[in-house]
Amino acid sequence: MVQSEVCVQPELIIEMKDVHFNYSRTKPDRNQRPVLQIPHWQVTAGQQLFIQGPSGCGKTTLLNLLTGMLAADSGSISLLNKNLSTMSAHQRDRFRARHIGVVFQQ
């Protein structure tokens, strides 16, 4: 009897590629240096992560990008196999309402 191993790729839940974001577009008085630069990052189903860093390092900005509340200046952000980068603000709002729970700090 021959047994074969089936290699199952874990499902990608989050994937970010070449993402750049800064607030200069929305707040012109800010420094032009990107708040976030993410060459490639992914999270698979079942994976857990903890985001830690000092105040002002981009944690909340990252979460706002992942929920579609902000749009990246460049690159692509995919959540649950849906590319948020190609969605309009309205489409991102609908996607967030259907698939993401957000609890704000305040």
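All residue numbers in this chain count up from 1 along the given sequence.
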Measure across [X] and [Y] and return the closest heavy-atom pair with its distance rounded to 0.1 Å.
X: Glu15; Y: Gln42; value: OE2-OE1, 3.5 Å
X: Pro10; Y: Thr44; value: CB-CB, 3.8 Å
X: Gly75; Y: Ser85; value: O-OG, 3.5 Å
X: Val35; Y: Asn22; value: N-CB, 3.8 Å

Counting heavy atoms not belonging to His90, are there more than 12 under 6.0 Å from its NE2?
no
Counting C-beta onward and ignoring hydrogens, is there a side-chain heavy-atom pair between [X] and [Y] closer than 4.5 Å?
X: Leu49; Y: Trp41; answer: yes
X: Leu65; Y: Ile38; answer: no
X: Leu66; Y: Met16; answer: yes

Kindly work out whether a path of hydrophobic side-chain contacts (I/L/V/M/F/W/Y, heavy atoms less than 4.5 Å apart) joins Ile14 to Leu84.
yes
Under 30°, 30 to 60°, or over 60°: which ring-plane class applies to His99 and Phe95, parallel, tilted or perpendicular?
tilted
Exactly one of Val43, Ile13, Ile100, Thr67 should register a side chain to side chain contact (heavy atoms under 4.5 Å, CB included) with Leu79. Which one does?
Ile100
Single hit among Leu62, Asp73, Leu70 for side chain to side chain contact (heavy atoms under 4.5 Å, CB included) with Leu36:
Leu62
